[in-house]
There are 2 protein chains.
Amino acid sequence: MKTRKPLADQTAVHDQVYEAIRQALITGRIAPGKGVSLRSLAAELGVSPMPVRDAVRRLAAERALAINPANKRLSVPSLTADRLEQLSMARLWVEPELAARAALDADASLVRQLQAIDADVDEALRLGDVDRYMTANHAFHFAIYERAGAEVLEAMAGGLWLQVGPFMRVVFGRVGADGLAADRHAEAIAALKAKDADGARRAIAADLSEGMDKMRAAVEASA
Amino acid sequence: MKTRKPLADQTAVHDQVYEAIRQALITGRIAPGKGVSLRSLAAELGVSPMPVRDAVRRLAAERALAINPANKRLSVPSLTADRLEQLSMARLWVEPELAARAALDADASLVRQLQAIDADVDEALRLGDVDRYMTANHAFHFAIYERAGAEVLEAMAGGLWLQVGPFMRVVFGRVGADGLAADRHAEAIAALKAKDADGARRAIAADLSEGMDKMRAAVEASA
DNA sequence: GCGCGCAAACTGTGATCACAATAATGGGGA
DNA sequence: TCCCCATTATTGTGATCACAGTTTGCGCGC
């Protein structure tokens, strides 16, 4: 039944599973607070429980999944105002810092790349395509952060983004896709073009801040 | 051969393995840059490769172990000045923040607990007992951070501490156990006793800053 | 004596099975 | 009709095996 794959192709199965669950979490396909199980995920993805176990362990270490200490059962962390506040603080420190560092190494090719991605972001917003928006927005931010050349900080940002992901779905559920329409991407691009570290820091901070405010409002309203 | 343990005792095997490897990393028993393998770790710990796999995945997600993307082999991340600088920045943001929050909720029992731990720290320093010092120092800081009641930030601090751990061994190797003799623990305790959030923030920041400076010097000297 | 090449050992990965513990569900009694 | 207890299903965990890729190392030929 199972066609044993050639292997050494590219990515291991557990990485694909990781990415699949990650996407499911970010786009909110798995509702926060809901319990999941290894075998159910494995069946859903058509793989054995083994790679799912690996992926889940990784996600749990990144706090994208919670493990009930009593019965060791898995669940999606529920969205609380307290958690959101902590995640906001952390993001507002790491991500502007990464943007500032990136500004110092920015060049024309990066600017062009960002403009292309931002056009995609706007297109997704115009169409109201939530998944596409979230993917493009993620790509925009991390295209910048990657340029900072700060592996450790970038990984921190990635982990935070993953934890914040589920919150975004709440925003869309409340105010619709145009709830996040206003962003500071243009400002950020301009600052990077001018190699203005402080400007990039401020632009990203403002972008994040506005987004987190909307999430906070949504969480409070849904409580 | 293997006596199947009663199970439901307390902790799962993979958690014990995780803790064992974690300690080995922090105390520097596994040299940075060195490669490790699942089976060798399993044999050394007297368990099957299975729980080791779980523990290693977790450590890799926390960036306490590195996975070579080409051949998927495991190794201990090597200590570079760049990594240390990023870790320092991150710690200097998270940990003082946690200390400040903890100060708001501090009480007499916490102060007493911290005084006891700090006495142990001093004792370990006096004896030149490196392992005991590192354990006690860790206990001191996280007894404070735990009081902040900020789960997300505390987890971030834990991850950073784990990544910094191997660097500390370098300090001891260079300047001896009294290289870190001067700490700001007394200041921190005083600030917590007075519920002085800013004082606690400053004390912890100074404590970290001094320690990281010594590590930086040690890394540069050993390069 | 020095390389080259092939075989053996070792690596991570995935599947399958066994086991104990918890959760879910059913029926039978009051 | 409702509640309690026993049976069943499902859960995470760990062991063992199979497999393919990589590294290691040893012996043979030059």
Side-chain angles (χ1 to χ4, degrees), chain A residues 1-22 24 30-31 33-77, chain B residues 1-22 25 30-31 33-77:
Chain A
M1 183 193 300
K2 308 290 175 8
T3 67
R4 188 166 266 291
K5 74 269 155 293
L7 200 40
D9 38 2
Q10 287 100 328
T11 62
V13 176
H14 67 82
D15 279 322
Q16 303 175 14
V17 171
Y18 170 82
E19 210 53 50
I21 301 180
R22 173 190 166 95
I30 314 182
K34 188 182 169 190
V36 295
S37 82
L38 298 184
R39 288 175 176 83
S40 64
L41 285 172
E44 194 172 335
L45 296 170
V47 298
S48 96
M50 204 66 235
V52 176
R53 209 166 133 177
D54 289 346
V56 157
R57 279 245 129 69
R58 190 168 154 197
L59 289 162
E62 291 170 325
R63 317 201 110 242
L65 283 178
I67 301 185
N68 184 332
N71 55 10
K72 276 85 184 302
R73 262 172 169 82
L74 294 164
S75 62
V76 183
Chain B
M1 181 195 300
K2 306 288 176 6
T3 67
R4 189 166 264 290
K5 73 266 156 296
L7 201 40
D9 37 4
Q10 285 100 326
T11 61
V13 176
H14 66 81
D15 279 323
Q16 303 177 14
V17 172
Y18 170 82
E19 210 53 49
I21 302 180
R22 173 191 167 94
L25 285 174
I30 313 181
K34 188 183 168 190
V36 295
S37 82
L38 298 183
R39 288 175 176 84
S40 65
L41 285 172
E44 193 172 335
L45 296 170
V47 298
S48 95
M50 204 65 235
V52 177
R53 208 167 133 177
D54 288 347
V56 158
R57 277 246 128 67
R58 192 168 153 196
L59 289 162
E62 291 170 325
R63 317 201 111 241
L65 283 179
I67 302 184
N68 183 332
N71 56 10
K72 275 83 184 302
R73 261 173 171 80
L74 293 165
S75 62
V76 183

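Because the structure is a prediction, the values reported are computed rather than measured. Every chain is numbered from 1 and lettered A, B, ... according to where its sequence line falls, protein lines coming before strand lines.
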Inset, instruction - Apply side chain to side chain contact (heavy atoms under 4.5 Å, CB included) to B:R58 and B:D15, showing your working. - result: CA-CA 10 Å; B:R58 192 168 153 196; B:D15 279 323; 3.0 Å; yes
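A heavy atom closer than 4.0 Å to some atom of DNA chain C occurs in no member of residues 55-70 of chain A.
In this structure, CZ in B:R63 is found 11.5 Å from CG in B:L65, a value given to the nearest 0.5 Å. Rounding to the nearest 0.5 Å gives a distance of 6.0 Å between CD1 of A:I30 and CG of A:L41.
Between the side chain of B:R53 and the base of D:dG14, no donor-acceptor pair of N or O atoms lies under 3.5 Å.
Of all heavy-atom pairs spanning B:A20 and B:L45, the tightest one is CB-CD2, 4.1 Å. Closest heavy-atom contact between A:P77 and A:A64: CD-O, 3.3 Å. For the residue pair A:A55 and A:H14, the shortest heavy atom distance occurs at CB-O, 3.7 Å.
Residue B:N71 places at least one side-chain N or O closer than 4.0 Å to OP1 or OP2 of D:dT23.
Sorted by first and then second residue, the pairs that involve residues 46-56 of chain A and meet salt bridge (charged side-chain N to carboxylate O under 4.0 Å, His left out), not counting sequence neighbours, are A:R53-B:D54, A:D54-B:R53, A:D54-B:R57.
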N/O contacts under 3.5 Å, protein versus nucleotides 8-11 of chain D?
| unit_1 | atom_1 | unit_2 | atom_2 | d |
| --- | --- | --- | --- | --- |
| D:dT11 | OP1 | A:S37 | OG | 2.9 |
| D:dT11 | O4' | A:R73 | NH2 | 3.1 |

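Rounded to whole Å, the distance from CE on A:M50 to C1' on C:dG12 is 12 Å. When the P atom of C:dG12 is taken as reference, atom CG of B:D54 falls 14 Å away, rounded to whole Å. Between A:L45 atom CG and C:dG14 atom C1' there is a gap of 15 Å when expressed in whole angstrom units.
Between B:V56 and B:V17 the shortest side-chain heavy-atom distance does not fall below 4.5 Å.
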